[in-house]
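Here's the structure we're looking at; comments come further down.
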Amino acid sequence: MTLPHTTPASEAEAVAVQLRLRERVVADSSGPAPGAPGTVVVGVDVAYDDDRDLVAAAAVALDAASLEVVAEATAAGPVAFPYVPGLLAFRELPAVLAALDRLTVAPDLVVCDGYGLAHPRRFGLASHLGVLTDLPTIGVAKNPPPLAVREPPRPLAPGRGATAPLLDAGDEVGRALRTRDGVRPVYVSPGHRTTLDDACAHTLPLTVGVRLPQTTRLADRLCRDTLASGG
DNA sequence: GCGACAG
DNA sequence: ATCTTGTCGC
């Protein structure tokens with residue numbers, strides 16, 4: 001990876017790391033164009049067993065067009081950081097980075113299960129992973145971020161593809177995106193080397209017939225199985 | 001002080 | 001995240 005990851009000794013130090021690293025986020029579209037043929041999309045996810053002090057991560061690479069699995073990798077280790085809202089990256093990154101290292105194909109885009117820009121300090125898990133690896137990343141979360149300035153929840157049209165802005169101090173930092181008709185939306189935001197428009201455009205083809213991106217679903221299943229198999 | 005709070 | 005059966009709908 002381009003930058004090393006180190007586990008902070010305190011929450012205050014973790015916040016300081018975020019404020020420093022967020023300066024390095026690249027907010028352009030130097031990542032793959034949505035729909036570009038041959039794009040390798042990698043989903044990452046993590047499962048925990050706090051009692052055994054064990055965390056397992058999985059990285060699953062798909063062909064963006066066919067959604068066929070191209071490669072998989074897992075990694076397990078001790079839990080490095082407690083769960084603290086806003087600091088999820090420090091809990092998940094060590095295992096995720098290890099799994100990505102074991103992947104035999106080069107990711108064109110990494111899809112994270114969590115926030116990117118749509119984060120209280122505008123530096124969620126997806127942004128953090130992108131800065132450390134310099135890979136294009138996006139964040140797709142199941143729940144809305146607790147933004148400081150939340151706008152009156154604008155109603156979201158019922159059909160797949162409908163969106164509503166996630167505003168933070170007047171800036172659109174993410175989007176609620178309906179990926180299935182009549183089903184609650186997911187919350188998409190750019191991480192590194194992607195734009196919000198592209199993040200949403202990348203998400204739609206990954207969610208044909210399902211709410212969450214296939215990348216996330218497959219990675220979730222794999223890391224869960226890995227944890228169950230011992231670690 | 002209390003509630004809210006990605007995974 | 002994780003603890004967990006059935007149930008409604010397509």
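Chain naming here is simple, since letters A, B, ... match the order of the sequence lines and numbering starts at 1 in each. Any value given below was found using the heavy atoms of this structure, including those in side chains, with hydrogens, waters and symmetry copies removed.
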Query - For the student: nearest non-hydrogen atoms of A:S127 and A:F123, plus distance - result: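 That would be CB-CD1, 3.6 Å.
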Query raised in the report: So, A:S29 versus A:R193: side-chain donor-acceptor pair below 3.5 Å or not?
Result: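 No.
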Report task. Ignoring hydrogens and angles, state whether a donor on the side chain of A:T195 or A:D197 is under 3.5 Å from an acceptor on the partner side chain. Result ->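 No - no donor-acceptor pair under 3.5 Å links their side chains.
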Could you tell me whether [X] contacts a base, only the sugar-phosphate backbone, or nothing, with contacts defined as non-hydrogen atoms closer than 4.0 Å?
{"X": "A:D50", "result": "nothing"}
{"X": "A:A47", "result": "sugar-phosphate"}
{"X": "A:G139", "result": "nothing"}

When you measure from the side-chain N and O atoms of [X] to the phosphate of [N], is any distance below 4.0 Å, counting only OP1 and OP2?
{"X": "A:K142", "N": "B:dG7", "value": "yes"}
{"X": "A:R224", "N": "C:dT2", "value": "yes"}
{"X": "A:N143", "N": "B:dG7", "value": "yes"}

Quickly work out the [X] [atom1] to [N] [atom2] distance and round it to whole Å.
{"X": "A:R52", "N": "C:dT2", "atom1": "CZ", "atom2": "C1'", "answer": "13 Å"}
{"X": "A:L88", "N": "B:dA4", "atom1": "CG", "atom2": "P", "answer": "20 Å"}
{"X": "A:R160", "N": "C:dC10", "atom1": "CZ", "atom2": "C1'", "answer": "17 Å"}
{"X": "A:L93", "N": "B:dA6", "atom1": "CG", "atom2": "P", "answer": "17 Å"}
{"X": "A:R121", "N": "B:dC5", "atom1": "CZ", "atom2": "P", "answer": "16 Å"}
{"X": "A:L177", "N": "B:dA6", "atom1": "CG", "atom2": "P", "answer": "19 Å"}
{"X": "A:H119", "N": "B:dA4", "atom1": "NE2", "atom2": "P", "answer": "20 Å"}
{"X": "A:Y48", "N": "B:dG7", "atom1": "OH", "atom2": "C1'", "answer": "6 Å"}

Query - salt bridge (Lys or Arg N to Asp or Glu O under 4.0 Å) evaluation trace for A:R221 with A:D45 - result: CA-CA 9 Å; A:R221 201 180 54 168; A:D45 195 21; over 6 Å; no
Query raised in the report: For A:Y83 and B:dG7, do the ring centres fall under 5.5 Å apart while the planes stay under 30° apart?
Result: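 Stacking between A:Y83 and B:dG7: present.
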Query raised in the report: Are the charged groups of A:R175 and A:E172 less than 4.0 angstrom apart, N to O?
Result: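 A salt bridge links A:R175 with A:E172.
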